Amino acid sequence: MQIAAIETSVVSLPFTMGGPHPLFAGQPWNRLEILLVKVETEDGLVGWGEAFGHTAIPATRAAIDTIVAPLMVGRDAGDIQALRRQILHGVHLLGRNGPFVYAFSGIEIALWDLLGKRSGQPLWRLLGGSEPSPMPAYASLLNYGDTALVARNTADACAAGYRAIKLHEVTREAVLAARTAPGAAEAAIMLDVNCAWSAPEARAMAASLAKDGLFWLEEPVWPPEDARGLARIRESGIPVSAGENVAGLFGFKTLIEAGAIDIAQPSVTKVGGIAEMQQVIQLCQAHGVEVAPHSPYFGPGFVATLHLASALLEKPLIEVLWLEMEANPFDPWVRAVDGMMRVPGGPGLGCDPDPETLARYAIGAPHRTERRQSP
Ligand SMILES: [Mg+2]
């Protein structure tokens with residue numbers, strides 16, 4: 001069935017995070033924004049996707065509205081593999097990582113939602129999974145830069161049922177504050193430094209953290225492409241994770257061949273969508289590399305992550321940002337309960353947005369790309 005229209009829109013959700021709101025790429029980050037992609041086929045079926053995200057939304061949205069959506073309307077919505085090849089080839093000169101790949105990722109997720117709805121099957125079933133049970137999540141704390149707030153939010157996350165806590169901090173003091181927080185004695189603690197350190201700095205920090213029992217150390221090295229630099233951090237004995245900034249399947253192939261990572265973190269709204277993510281997961285499985293999806297978002301991309309994870313025999317930890325949203329059109333599927341996530345069982349992603357919540361929190365007007373009429 002042909003794609004009749006692709007529509008982008010943004011919802012903006014107020015949130016609290018147990019501390020002051022940080023900056024994100026220099027911008028105030030006090031609203032949680034989701035870039036929604038709605039794909040309609042000629043028979044009126046609607047699929048939902050999400051493209052990355054946060055302060056990149058204006059750039060990603062422009063990539064969809066001006067370039068990627070016009071390439072895709074009029075095409076068969078079921079031709080996911082062919083579209084993946086042709087569209088990503090068509091835009092590769094514009095960047096193999098970044099807004100154009102994010103744009104395709106968001107539309108591709110919507111195509112899988114459509115495929116599931118058309119066949120009456122949930123996405124986890126299309127991916128070969130068994131009837132899902134709740135999966136463990138980890139609380140991904142935002143950056144506080146304050147050890148007292150790190151300790152308090154770690155304790156609160158443990159009290160909320162999480163058994164694993166990830167910090168976005170850059171000091172050993174923050175790790176020790178989390179480790180000694182009330183209720184955290186048995187929790188797994190991860191540290192994500194978002195590429196804050198040069199390779200030599202990262203080696204020194206890893207040596208100082210080596211006895212602190214970190215479950216993983218995420219993106220310790222700048223730049224993220226420094227595969228050899230990452231590989232040397234593994235010599236500390238701390239498991240190293242990375243992948244949210246990796247360009248597609250071959251980016252992961254490079255990291256794996258360099259022996260750079262213990263844990264791969266593909267991000268479905270960034271890496272190229274569900275099919276690309278599946279290939280990354282299979283590559284990791286073939287090399288004994290664990291997978292822990294990157295999913296700091298709360299729309300159809302997050303729900304797609306749940307389906308991808310539930311289709312795996314060994315369930316990965318699901319990343320859930322530690323924040324409290326006022327509301328979300330995809331409730332209740334985007335919230336952990338006692339540190340666990342449930343997976344929708346309806347066709348496709350199994351959770352269309354609630355129209356009232358969508359209307360209440362939408363900002364600006366949707367942008368619609370329709371199939372050009374024949375002259
Ligand atoms: Mg990260």
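Since the model is a prediction, treat every value here as computed from it, not as a measurement. Each ligand, and each atom within it, is numbered from 1 in the order the structure gives. Both backbone and side-chain heavy atoms feed into the values below; hydrogens, waters and symmetry mates do not.
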Is it true that a side-chain atom of E50 and a backbone atom of I34 form a donor plus acceptor pair closer than 3.5 Å?
no
Of the N, O or S atoms in E244, the one nearest the Mg ion (ligand 1):
OE1
Salt bridge present between R371 and E42 (N-O < 4.0 angstrom)
yes
Please confirm whether the ring centroid of H21 lies under 6.0 Å from the ring centroid of F15.
yes
Applying the side chain to side chain contact (heavy atoms under 4.5 Å, CB included) criterion to V175, which one of T180, D212, T147, V150 satisfies it?
D212
Looking at E218, pick out the N, O or S atom nearest to the Mg ion (ligand 1) and give its name.
OE2
Kindly confirm whether the Mg ion (ligand 1) is within less than 2.8 Å of some N/O/S atom in E219?
no
If I consider every N, O or S atom in D192, which one ends up closest to the Mg ion (ligand 1)? I only need its name.
OD2
